[in-house]
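Only this structure's heavy atoms are used, side chains among them; waters, hydrogens and symmetry mates stay out.
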Amino acid sequence: MSIKPGALRFNTDSMKLEIFRGSPNYEGSASMAGIGTLAAGQWEEIVATSPEAQTGGARGVFMGGMNEPSPSITYDVIDYVNIASTGNALDFGNLVGADSEGNAFASRTRGFFFGGDPAKTNIETFVISSTGNATAFGNLTATSKTGIGVANSTRGIAALCINPATTNVINYVTMASTGSGIDFGDNTTNASGNGAGCQSSTRGIFAGGSPGVNTIGFITISTLGNTANFGELSQGRFGHAGASNAVRGLFMGGANPGGVNTIDYISIATLGDAVDFGDLNTAGVHYTAGCSSSTRAIRGGGADNAAPTGNYSNAIDYVQIMSTGNAVDFGDLTRPARHLDACSNGHGGLG
């Protein structure tokens with residue numbers, strides 16, 4: 001009997017699906033060099049798994065930030081939560097140095113932090129499914145203080161910004177390697193500080209910014225080029241949090257200049273203006289950070305713009321992305337902070 005490579009069978013002994021592996025001219029009798037570590041003519045079990053099985057589920061990671069301005073405390077702290085549950089954040093490790101502002105993006109396995117205050121070119125990385133400290137990854141092509149980060153499963157995108165804006169440069173990196181940023185194009189739609197981003201596997205979305213921008217721009221992550229206009233937020237804002245699954249992008253909180261309690265959403269695959277989703281559980285916070293799984297968006301930290309200076313929050317809220325409604329309490333970060341950043345290994349850019 002002639003069996004060709006790629007043939008499938010169901011093994012009734014093991015109750016597993018198997019694929020036939022062999023060299024291209026294998027006819028079921030010759031003994032020839034195999035593929036990889038398999039001998040020619042072997043049946044190999046097809047192993048089915050999932051990202052949740054590989055990573056332990058979607059983790060949200062919050063990093064850096066600052067507290068009371070008198071005296072100012074800047075953190076190197078990295079916290080994490082399991083997005084599918086609720087509860088307080090746990091200690092993950094530390095950034096390379098204490099930092100605030102900056103921004104973040106992530107692959108299924110690695111998280112990245114870039115820029116910061118004062119503006120710098122650093123890119124740091126850590127393994128999301130473990131715990132431990134961040135290490136150096138490479139450098140941006142220019143300094144960035146309050147940029148925007150988005151990603152798909154292979155590329156991380158850093159929209160650079162110094163506030164007030166002195167650059168509209170967008171960089172990209174290949175997250176599975178190490179190295180410096182490469183020019184992607186320019187942010188021509190909303191190149192201003194303290195904006196927010198979200199993504200699908202094909203599009204990166206940049207929204208809002210100082211001093212109350214309402215513009216939403218987008219890029220196609222796998223190509224190169226400048227941003228194009230997507231639509232507008234329901235109101236201009238800065239210091240808000242972005243999060244998404246593969247279908248919807250959410251923008252939560254912010255200031256303009258007073259605290260914004262609104263959550264907006266967009267359908268990432270289309271173009272158009274953002275629509276009201278609901279309200280935050282923690283009223284009027286800005287300089288906050290968000291991340292997501294395929295079902296939930298969470299937002300943590302920030303400053304209450306309606307309260308006296310220094311009233312910083314450690315609260316985490318969450319919503320179900322594909323519904324609408326107000327956010328509910330998730331738990332607390334390990335410290336109250338604003339100008340912090342967040343990423344996850346379950347966001348919409350990962351499919």
Side-chain angles (χ1 to χ4, degrees), residues 60 103-105 146-151 157 159 161 187 189-200 203-219 227 229-293 296-303 305 316-327 338-344 347-349:
N103 216 290
F105 53 81
T146 58
I148 300 173
V150 299
I157 305 290
C161 188
N187 186 351
T189 52
N190 52 328
S192 57
N194 298 305
C198 64
Q199 60 271 299
S200 68
R203 283 183 169 176
I205 306 292
F206 306 144
S210 298
V213 176
N214 68 351
T215 308
I216 307 172
F218 77 98
I219 56 168
T227 57
N229 187 65
F230 184 98
E232 295 180 350
L233 296 169
S234 64
Q235 60 191 121
R237 66 183 77 177
F238 62 91
H240 48 302
S244 65
N245 63 11
V247 178
R248 275 187 176 179
L250 273 60
F251 301 102
M252 302 172 278
N256 181 22
V260 174
N261 201 36
T262 305
I263 306 171
D264 286 353
Y265 77 93
I266 58 170
S267 296
I268 299 175
T270 64
L271 301 178
D273 295 341
V275 179
D276 181 63
F277 183 99
D279 295 325
L280 295 176
N281 184 59
T282 308
V285 288
H286 66 294
Y287 299 139
T288 183
C291 57
S292 60
S293 69
R296 278 184 173 180
I298 63 173
R299 179 223 55 84
N305 202 63
I316 308 171
D317 302 345
Y318 79 94
V319 295
Q320 300 296 127
I321 296 175
M322 295 310 296
S323 66
T324 58
N326 297 340
R338 67 171 184 169
H339 286 310
L340 72 170
D341 299 291
C343 62
S344 80
H347 63 78

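V319 has its side chain within reach of I263: a pair of non-hydrogen atoms, C-beta onward, lies under 4.5 Å apart. Here the side chains of F105 and V150 are not in contact, with every heavy-atom distance at 4.5 Å or above. Here the side chains of V285 and R338 are not in contact, with every heavy-atom distance at 4.5 Å or above. Using a 4.5 Å cut-off on side-chain heavy atoms (C-beta onward), Y318 and R299 make no contact.
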Solution key, residues 266-280 side-chain donor-acceptor pairs under 3.5 Å, sequence neighbours excluded:
unit_1, atom_1, unit_2, atom_2, d
T270, OG1, S267, O, 3.0
D273, OD1, E232, N, 2.9

Please list, one pair per line, the donor and acceptor atoms closer than 3.5 Å that link side chains of residues 241-248 to other protein atoms, with sequence neighbours excluded.
unit_1, atom_1, unit_2, atom_2, d
S244, OG, Q199, N, 3.1
S244, OG, Q199, O, 2.7
N245, OD1, V247, N, 2.9
N245, OD1, R248, N, 2.8
N245, ND2, S294, O, 3.2
R248, NH1, I321, O, 3.0
R248, NH1, S323, O, 2.8

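Using bins of under 30°, 30° to 60° and over 60° for the plane-to-plane angle, the ring pair H286/F238 lands in the perpendicular bin.
Here F206 pairs with nothing under the ring pair (Phe, Tyr, Trp, His ring centres under 6.0 Å) rule; sequence neighbours left out. Here A207 pairs with I216, L233, H240, F251 under the side-chain contact (heavy atoms from CB on, under 4.5 Å) rule; sequence neighbours left out. When the side chain to side chain donor-acceptor pair (under 3.5 Å) test is applied to T262, the partners found at least two apart in sequence or on another chain are Q235. Partners of N103 under the side-chain contact (heavy atoms from CB on, under 4.5 Å) rule, at least two apart in sequence or in another chain, are F114, D341.
Pairing each heavy atom of G193 with each of C161, the nearest pair is N-SG, 3.3 Å.
Between the side chains of D317 and T282, at least one donor N or O lies within less than 3.5 Å of an accepting N or O.
Separating the OG1 atom in T189 from the CG atom in N229 is a distance of 7.0 Å, to the nearest 0.5 Å. Between I316 atom CD1 and N281 atom CG the span is 12.0 Å, to the nearest 0.5 Å. Interatomic distance, S192 OG to I148 CD1, rounded to the nearest 0.5 Å: 7.0 Å. Rounding to the nearest 0.5 Å places CZ of R296 at 9.0 Å from CD1 of I298.
At least one donor-acceptor pair under 3.5 Å links the side chain of S344 to the backbone N or O of S292. The backbone N or O of S234 lies less than 3.5 Å from a partner atom in the side chain of D264, making a donor-acceptor pair. Looking only at distances, no side-chain donor or acceptor of T215 sits under 3.5 Å from a matching main-chain atom of N190. With T227 contributing its side chain and F218 its backbone, the two residues share no donor-acceptor pair below 3.5 Å.
Among the candidates V213, N194, V260, N214, the single residue satisfying the side chain to side chain contact (heavy atoms under 4.5 Å, CB included) test with R237 is V260.
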